[in-house]
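Mind looking over this structure? Questions follow.
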2 protein chains.
Amino acid sequence: MTTVHTAASAVSAVSAASAAEEKVDTCASEAAHPPPVARGGYTISEVVSHTGLSAHTLRWYERIGLMPNVSRSHTGQRRYSEADLGWLSLVGKLRLTGMPVADMVRYAELVREGEHTFAERQHLLTRHRENVRQHIAELQDTLAVLDFKIEHYADARRASERV
Amino acid sequence: MTTVHTAASAVSAVSAASAAEEKVDTCASEAAHPPPVARGGYTISEVVSHTGLSAHTLRWYERIGLMPNVSRSHTGQRRYSEADLGWLSLVGKLRLTGMPVADMVRYAELVREGEHTFAERQHLLTRHRENVRQHIAELQDTLAVLDFKIEHYADARRASERV
DNA sequence: CGCTTGCTTAGAGTGCACTCAAGGTCAGTA
DNA sequence: TACTGACCTTGAGTGCACTCTAAGCAAGCG
């Protein structure tokens with residue numbers, strides 16, 4: 001039960017939203033089955049059930065600058081946009097692949113700073129991609145060992161049952 | 001990210017050594033370059049440089065029951081055997097693939113308890129193998145996103161330079 | 001009106017996996 | 001003999017990523 005246990009599947013549900021990414025059209029239908037956007041965006045509890053992250057974590061992400069510019073209702077409650085969900089999906093992927101929060105915060109800063117940071121963003125992601133590739137190799141290496149050992153135990157058990 | 005960042009490359013150095021699984025002959029020349037086994041095993045600092053783990057960590061592994069039965073010199077210093085290095089290599093792999101230390105300790109207990117724990121050992125490793133497989137899938141999912149974004153930044157930069 | 005539910009904040013607490021500190025023993029060398 | 005350096009122990013400290021607490025505000029309902 002390390003960091004990965006809560007909401008792995010839920011986060012991948014969000015990742016579908018991230019494919020859409022940036023330009024979200026704000027002009028959806030207004031009355032029927034009022035989509036969250038008609039009320040100004042998703043509430044925090046909607047985002048919780050959508051992503052599997054806790055409300056605490058969502059607020060904490062905002063506090064540390066990882067989830068900036070979430071808009072508010074007239075009573076100060078958070079209203080998440082589709083773009084916010086897309087960003088959360090990316091953050092979820094980076095998190096699940098072991099990027100430190102500090103690096104994600106740095107990336108978020110770069111995004112806020114505009115297009116002149118493309119080079120650094122590319123560099124940051126490229127570095128992370130290398131880490132991910134290496135980690136995949138380690139995992140596959142381990143998979144081979146696990147296969148071997150599991151087969152070994154299975155063999156030994158079959159042999160002992162036959163006696 | 002948790003757990004993965006320190007000493008990743010160094011541990012893979014161990015796995016190379018364990019791949020060899022050198023059956024060291026104890027009857028080597030006594031004076032010249034005495035092999036560690038001739039002195040009763042590897043010292044902790046030799047294991048440190050071999051594995052990339054810190055001496056602190058090696059002692060801590062022993063304290064928590066993850067690295068049992070390390071023999072000692074007549075002055076009480078640790079002497080690691082080849083088998084210990086092999087075990088350490090496995091532990092390194094499990095650790096790099098995110099198995100909680102508690103589970104590794106449990107596995108170590110089962111190994112100590114003997115052959116009647118084969119079923120539970122197999123179960124434990126099988127469960128971990130599933131986690132590893134799922135994690136690989138997540139990593140590859142993320143890799144696709146990273147490729148897409150990196151290419152996007154590269155394109156944008158090429159375009160802006162052409163202007 | 002009171003109650004519940006759901007949200008707000010800043011700051012403190014938790015769990016994991018180390019990582020270090022303090023004080024000590026022992027072998028080898030000047 | 002004095003010193004150096006590698007090793008020993010127990011217990012405390014660190015960094016990360018959450019996770020929870022406490023106190024309070026606002027809306028909806030019987």
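Proteins come first, then strands; the chains are lettered A, B, ... in the order of their sequence lines, and each starts at number 1. All of these numbers come straight from a predicted model, not from anything done at the bench.
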Write down the distance between CD1 (B:Ile64) and C1' (C:dT19), rounded to a whole number of angstrom.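 Rounding to the nearest Å, CD1 of B:Ile64 and C1' of C:dT19 are 13 Å apart.
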Starting from the C-alpha separation in whole Å, work towards a yes-or-no answer on side chain to side chain contact (heavy atoms under 4.5 Å, CB included) for A:Arg78 and A:Tyr42. CA-CA 8 Å; A:Arg78 287 169 180 80; A:Tyr42 299 93; over 6 Å; no
So, using ring pair (Phe, Tyr, Trp, His ring centres under 6.0 Å) as the criterion, who are the partners of A:Tyr153 when residues are at least two apart?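 So A:Tyr153 forms a ring pair (Phe, Tyr, Trp, His ring centres under 6.0 Å) with B:Phe118.
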Atom pair distance, as rounded to whole Å: CG in A:Leu58 and P in C:dG6: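 Nearest whole value for this atom pair: 16 Å.
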With sequence neighbours excluded, tell me which residues meet side-chain contact (heavy atoms from CB on, under 4.5 Å) with B:Ser71.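 B:Ser71 satisfies side-chain contact (heavy atoms from CB on, under 4.5 Å) with B:Arg79 only.
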What residues form a salt bridge (Lys or Arg N to Asp or Glu O under 4.0 Å) with B:Arg72, not counting sequence neighbours?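 Partners of B:Arg72 by the salt bridge (Lys or Arg N to Asp or Glu O under 4.0 Å) criterion, ordered by chain and then number, come out as B:Glu62.
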Excluding sequence neighbours, so at least two apart, what forms salt bridge (Lys or Arg N to Asp or Glu O under 4.0 Å) with A:Asp103?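 Scan of A:Asp103 (salt bridge (Lys or Arg N to Asp or Glu O under 4.0 Å), adjacent residues dropped) gives none.
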Does B:Tyr61 make a side-chain N or O approach to OP1 or OP2 of C:dC18 shorter than 4.0 Å?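 Result: yes.
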Does B:Arg133 have any side chain to side chain donor-acceptor pair (under 3.5 Å) partners at least two apart in sequence or in another chain, and if so, which?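 Expected list: B:Glu130.
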Just to verify, what does B:Thr142 make a side chain to side chain donor-acceptor pair (under 3.5 Å) with, not counting sequence neighbours?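 Side chain to side chain donor-acceptor pair (under 3.5 Å) list for B:Thr142, sorted by chain: empty.
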Round to the nearest Å and state the distance from B:Tyr80 atom OH to D:dC7 atom P.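 Checked: the OH to P distance equals 10 Å.
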Distance check needed: D:dC18 C1' versus A:Met99 CE, whole Å only.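 Answer to the nearest Å: 18 Å.
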Collect all protein-nucleotide pairs involving nucleotides 7-9 of chain C in which both atoms are nitrogen or oxygen and the distance is under 3.5 Å.
residue	atom	partner	partner atom	Å
C:dC7	OP1	A:Ser45	N	3.4
C:dC7	OP1	A:Ser45	OG	2.8
C:dT8	OP1	A:Arg78	N	2.8
C:dT8	OP1	A:Arg78	NH1	2.7
C:dT8	OP2	A:Arg59	NE	2.7
C:dT8	OP2	A:Arg59	NH2	3.2
C:dT8	OP2	A:Arg78	NH1	3.1
C:dT8	O5'	A:Arg78	NH1	3.3
C:dT9	OP1	A:Arg72	NH1	3.3
C:dT9	OP2	A:Arg78	NH1	3.0
C:dT9	OP2	A:Arg78	NH2	2.6

Check: protein-nucleotides 10-15 of chain D nitrogen or oxygen pairs below 3.5 Å:
residue	atom	partner	partner atom	Å
D:dG11	N7	B:Arg63	NH1	3.0
D:dG11	O6	B:Arg63	NH2	3.0

Whole angstrom value for the distance that separates C1' of C:dC18 from CE of B:Met104: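 Taking atom C1' of C:dC18 as the reference, CE of B:Met104 is at 12 Å.
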Listed once per pair and sorted, the salt bridge (charged side-chain N to carboxylate O under 4.0 Å, His left out) pairs that draw on residues 106-123 of chain A, sequence neighbours left out: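 Output for this query lists A:Arg106-A:Glu109, A:Arg106-A:Glu120.
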